[in-house]
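Take a look at the structure below.
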Protein chains: 2
Amino acid sequence: MNTLELIQKNLDTFSKSERKVAEVIIASAQIAIHSSIATLAKMADVSEPTVNRFCRRLDTKGFPDFKLHLAQSLAHGTPYVNRNVDEDDGPSAYTAKIFESTMACLDVAKNALDTSLINRAVDVLTQANKISFFGLGASSSVAHDALNKFFRFNIPVSCFDDIVMQKMSCINSTEGDVIVLISHTGRTKALVEVAQLARENDAFVIALTASGSPLALQSNLVLSVSVPEDTDIYMPMASRIAQLVLIDVLATGFTLRRGPKFRDNLKRVKEGIKDSRFDKFNLKS
Amino acid sequence: MNTLELIQKNLDTFSKSERKVAEVIIASAQIAIHSSIATLAKMADVSEPTVNRFCRRLDTKGFPDFKLHLAQSLAHGTPYVNRNVDEDDGPSAYTAKIFESTMACLDVAKNALDTSLINRAVDVLTQANKISFFGLGASSSVAHDALNKFFRFNIPVSCFDDIVMQKMSCINSTEGDVIVLISHTGRTKALVEVAQLARENDAFVIALTASGSPLALQSNLVLSVSVPEDTDIYMPMASRIAQLVLIDVLATGFTLRRGPKFRDNLKRVKEGIKDSRFDKFNLKS
DNA sequence: TTTAGTCTGTAATAAAATGACATGTTGTCA
DNA sequence: TGACAACATGTCATTTTATTACAGACTAAA
């Protein structure tokens, strides 16, 4: 838990002198972490043991330990994290807010992920005869990205963002096929139907979606990126970013599982596209 | 600058004893920040002043100051940051590494961005008659995503990942049209040609690419996400994630610039797709 | 081997944090 | 209103921690 927030929240549980300390720290945390207990006591106009008691009240071992906690909370906890974009934010403000909230979302997603399920998913993917990635709306670009990643592995992959094509593809699927469905909410009716269809035709369905959603219930394996839903209209869909990173994770797991021989393949793909690029050191070529 | 990285980088500038200290700190940084100089000295099997000298060599005021720096660097930088995935990493390890390195990349990208250019780009976009997003390969899914975002603004937008369509679209462009080109390296020949074509036809070209690249040179405005290039085959293309976040930033800037009336539009779009979803509280509907 | 230079440790000193205790303050109840 | 209790706060002593000064040891070049 962020120490600075913690102080702010418990502001009214402190005594008079302790609050003085709290206020000084909130006002100038950067200075506080570089001061000795004596200096800070003088700044807050209290005695040194008071500062010490203040620290203990915040579940730290003492003043030095408190400084450490505070320093850490200042390090990540840049002010904007989790704060929404505001109407009168300038470019620097909204840029920082969006980047930081995206990073915070990734952190949440990372901690919420079940790596044993990831391992399972990688298992299934490596043994698949054919892999399909389907998404609709915003999620279709995630599917598209997944195609791009897995395509390099030189295995049969496909990706459709057309619901008719998706359904047709499912009808033609057989055992050994893996369908990866991507949906933020997991409540898109069409995609739930696709999941049903796929399972009726013996395909294995992996869903990148919210756990407990209708789509999740129809799937064989659910990888949920539990990221706060985007209630705010400004809120960029950070869940989409988390899904993309999850795709990266699956692709990496896939590569690792396939072993070293397989990795040469990847190098060849990279080499293969070189001709279509300007050489880095000879731009005019 | 991240203290832990700094130590690792300067490992060979240290003397024998100082390196012992460095190694202990790298191996168990979490323990180090909670230890006194005496404890740490004992752990590294050196004297206390040596530890102190070590701290000073890293541009800190002394041991307590050093601990503070280290604590901060541990706060963001969980151990895996910037470390590549290793052949014998398990699912938890590679998942964490990928998430963390992605987050680190976003942080780098955030700090490297020029917000005045973003502001400029938003200016241009809001005044555009028509906006097109083009990308090839991995970048095409970024373009696709951008389409998805800007489509909601109810303005003419298009997105092609077909080079022929891109060129045709450029030939038909006129003044007032904005073309957003997305490329990680900025050295994809085809896309550079697209940029030239677009400019010949008086379109305004915004490039999301590496600064100084051939594509950048052909563009009117460059938004560069300077993220380390992916040298490692395992390395997920974090630059792509950074580009997506940048798209979010532009879309947000766009929304803000258009003002409150415009924001009602967004709500209508959100309402509009409700029918295609299962109701959250009535899943069987 | 000597010598200049750099490391490294010991021991003394200074600084910082903590603990114990005494004083002050506030509020309650007779 | 006065007395007591509970809590808050500060002073001072003690302990822990960090720093400085200095001397011995090592290393590389002459």
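Heavy-atom basis, side chains included; hydrogens, waters and symmetry copies ignored. By convention in this document, chain letters (A, B, ...) are assigned in the order of the sequence lines, proteins followed by strands, and residues within each chain are numbered from 1.
- Here the NZ-OG distance, from B:K110 to A:S92, works out to 11.5 Å after rounding to the nearest 0.5 Å.
- Residues meeting the side chain to side chain contact (heavy atoms under 4.5 Å, CB included) test with A:A38, sequence neighbours left out: A:S36, A:E48.
- Contact between the side-chain N/O atoms of B:S47 and the OP1/OP2 oxygens of C:dT8 is not found at any separation under 4.0 Å.
- The salt bridge (Lys or Arg N to Asp or Glu O under 4.0 Å) pairs that include a residue from residues 58-74 of chain A number zero, where partners must be two or more places apart or lie in different chains.
- The NZ atom of A:K16 sits 8 Å away from the C1' atom of C:dT25 (whole-angstrom rounding).
- With sequence neighbours left out, B:R19 forms a salt bridge (Lys or Arg N to Asp or Glu O under 4.0 Å) with no residue at all.
- Taking the ring-ring contact (aromatic ring centres under 6.0 Å, His included) definition, one finds that A:F66 meets it with A:F54, sequence neighbours left out.
- In this structure, the salt bridge (Lys or Arg N to Asp or Glu O under 4.0 Å) partners of A:D123, at least two apart in sequence or on a different chain, are A:R257.
- If you check residues 52-60 of chain B against DNA chain D, the residues with a heavy atom closer than 4.0 Å are B:N52, B:R56, listed by number.
- Among the heavy atoms of the strands lying under 4.0 Å from A:P64 are primed sugar atoms or P, OP1, OP2 only; no base atom is included.
- Residues passing the side chain to side chain donor-acceptor pair (under 3.5 Å) test with B:S17, sequence neighbours excluded: none.
- Partners of B:S141 according to the side chain to side chain donor-acceptor pair (under 3.5 Å) rule, which considers only residues two or more places apart in sequence or in another chain, are A:D145.
- Rounded to whole Å, the distance from CG on B:L68 to P on C:dA16 is 14 Å.
- In this structure, B:E18 atom CD and C:dG9 atom C1' are separated by 13 Å, rounded to whole Å.
- Atom-to-atom, CD of B:E48 to C1' of C:dT13 comes out at 13 Å; the value is rounded to the nearest Å.
- Between B:T50 and C:dC7, a side-chain N or O to OP1/OP2 separation shorter than 4.0 Å is absent.
- Within 4.0 Å (heavy atoms only), A:V46 reaches sugar-phosphate atoms of the nucleic acid but no base atom.
- Extent of DNA chain D lying under 4.0 Å from chain A heavy atoms, first and last nucleotide in 5' to 3' order, is D:dA8 to D:dT11.
- Contacts between residues 33-44 of chain B and DNA chain C, counted as heavy-atom distances below 4.0 Å, involve no residue at all.
- Partners of A:F63 under the ring-ring contact (aromatic ring centres under 6.0 Å, His included) rule, at least two apart in sequence or in another chain, do not exist in this structure.
- The CZ atom of B:F63 sits 16 Å away from the P atom of C:dA16 (whole-angstrom rounding).
- Looking at residues two or more places apart in sequence or on another chain, you find a salt bridge (Lys or Arg N to Asp or Glu O under 4.0 Å) between A:R57 and A:E18.
- From B:L68, atom CG reaches atom CD1 of A:I33 across 4.5 Å, with rounding to the nearest 0.5 Å.
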